[in-house]
2 protein chains.
Amino acid sequence: MGTSLRPAHTDFPAPQMPDRDHADCRGVASILARVGDKWSVFVIMMLSDGPKRFNELKRMINGISQRMLTLTLRGLERDGLVTRTIFPTIPPRVDYELTDLGRGLQQPVMALGLWAKEHQAQIAAARTRFDERNDT
Amino acid sequence: MGTSLRPAHTDFPAPQMPDRDHADCRGVASILARVGDKWSVFVIMMLSDGPKRFNELKRMINGISQRMLTLTLRGLERDGLVTRTIFPTIPPRVDYELTDLGRGLQQPVMALGLWAKEHQAQIAAARTRFDERNDT
DNA sequence: CTGGATCCCTTATGATACTG
DNA sequence: CAGTATCATAAGGGATCCAG
């Protein structure tokens with residue numbers, strides 16, 4: 001298979017939690033890892049407004065390779081966030097659609113995206129400042 | 001330096017947005033990438049309840065290498081999410097603390113974490129089902 | 001059209017050793 | 001204690017060719 005769908009970096013090394021409620025960060029982190037994944041977020045966003053076909057997604061997310069799109073979709077499907085529906089027509093047609101779970105995920109992701117958008121400037125400025133201090 | 005603080009994978013290929021409001025996903029995505037980063041999230045969580053020292057963090061996030069902790073902290077510092085305070089004592093002491101920006105980020109991150117925690121079981125189940133269907 | 005399989009280069013990350 | 005430097009390896013990801 002070459003590339004596993006159960007990436008090693010999502011197996012977490014059981015950090016010792018201070019005492020708080022985030023006692024089970026390991027499982028949570030593997031989910032955050034998916035959200036943090038560059039392409040997953042794009043795909044989820046693209047599927048916001050209804051099902052899409054493979055090449056449709058590929059065109060919308062201009063820049064993603066076919067390989068990565070396939071892998072990303074498989075990962076999302078595996079996590080139950082996306083469904084894959086095959087229409088046995090000629091030529092074949094495959095639709096991808098968010099599940100209820102996937103749509104639920106959209107909310108917090110959007111919230112985060114919104115935060116990011118609102119503080120984009122601040123962060124960019126911080127980066128510039130930091131880089132100027134350390135580059136020269 | 002070996003490892004740059006401006007990772008290549010955060011330079012985004014400008015996906016063609018449908019038409020919606022997420023017109024500037026590139027910058028946003030680079031922020032999401034930081035949040036999605038395995039260690040960043042842990043560090044941010046660990047700093048929730050006040051400043052921490054380097055080795056203190058290292059012990060709390062059992063499993064992180066000192067290299068990764070350093071890199072993660074530098075990244076967070078660069079983004080203006082964390083401050084680094086050096087006490088020129090012997091032995092040296094360095095405190096890391098969330099900035100206001102960092103504390104602001106905590107909210108959406110926690111929301112996401114909460115969602116993840118609540119749906120952990122569903123996702124785990126989906127993964128198992130998927131794997132069983134495709135492994136055997 | 002929708003992918004699966006390969007090849008191959010780039011990045012990310014861990015382990016280890018060394019320093020102010 | 002708080003890092004830096006170096007090395008080795010694994011994971012990420014693009015290009016390309018092939019097949020149902």
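Here is how names work: the chains are called A, B, and so on, in the same order as the sequence lines, proteins then strands, and each is numbered from 1.
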In whole angstroms, how far is the [atom2] atom of [N] from the [atom1] atom of [X]?
X: B:Ile61; N: C:dG14; atom1: CD1; atom2: P; value: 12 Å
X: B:Arg84; N: D:dA2; atom1: CZ; atom2: C1'; value: 8 Å
X: A:Glu56; N: C:dC1; atom1: CD; atom2: P; value: 12 Å
X: A:Leu69; N: C:dT2; atom1: CG; atom2: C1'; value: 10 Å
X: B:Arg93; N: D:dA2; atom1: CZ; atom2: P; value: 8 Å
X: B:Lys52; N: D:dA2; atom1: NZ; atom2: C1'; value: 17 Å
X: B:Leu71; N: D:dA2; atom1: CG; atom2: P; value: 16 Å
X: B:Phe87; N: D:dG3; atom1: CZ; atom2: P; value: 12 Å

With sequence neighbours excluded, tell me which residues meet side chain to side chain donor-acceptor pair (under 3.5 Å) with [X].
X: B:Arg53; answer: none
X: B:Arg74; answer: none
X: B:Asn55; answer: none
X: B:Arg129; answer: none

Review point. Quick one: do B:Asp79 and A:Arg127 make a salt bridge, cutoff under 4.0 Å?
Key: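 A salt bridge links B:Asp79 with A:Arg127.
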Check your understanding: What string of B, S and - do you get for nucleotides 14-20 of chain D, 5' to 3', when a contact is any protein heavy atom under 4.0 Å?
Key -> BB----B
Point to revise | ring pair (Phe, Tyr, Trp, His ring centres under 6.0 Å): pairs with one or both residues in residues 54-112 of chain A, sequence neighbours excluded | key: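 Sorted result for residues 54-112 of chain A: empty, none.
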Exercise for review: Verify the contact: side-chain N or O of A:Tyr96 to OP1 or OP2 of C:dG3, cut-off strictly under 4.0 Å; return yes or no.
Suggested key: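 Yes, A:Tyr96 has a side-chain N/O under 4.0 Å of OP1/OP2 on C:dG3.
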Check your understanding: Is there a side-chain polar atom (N or O) of A:Arg53 under 4.0 Å from OP1 or OP2 of C:dC1?
Key -> no
Check your understanding: Which distance, rounded to the nearest 0.5 Å, do you find between the CG of A:Leu57 and the CG of A:Leu47?
Key -> 5.0 Å
**Study point:** Residue pairs fulfilling side chain to side chain donor-acceptor pair (under 3.5 Å) with at least one residue in residues 104-115 of chain B, sequence neighbours excluded
**Key:**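 Qualifying pairs: B:Ser48-B:Gln106, B:Trp115-B:His119.
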**Study point:** Overall bend - the helix from C:dC1-D:dG20 to C:dG20-D:dC1, comparing terminal axes fitted on five pairs, nearest 10 degrees
**Key:**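 Helix axis angle between the two ends: 40°.
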Practice item. Mind jotting down which residue pairs meet the salt bridge (Lys or Arg N to Asp or Glu O under 4.0 Å) criterion with at least one end in residues 102-115 of chain B? Sequence neighbours excluded, please. Key: B:Asp100-B:Arg103
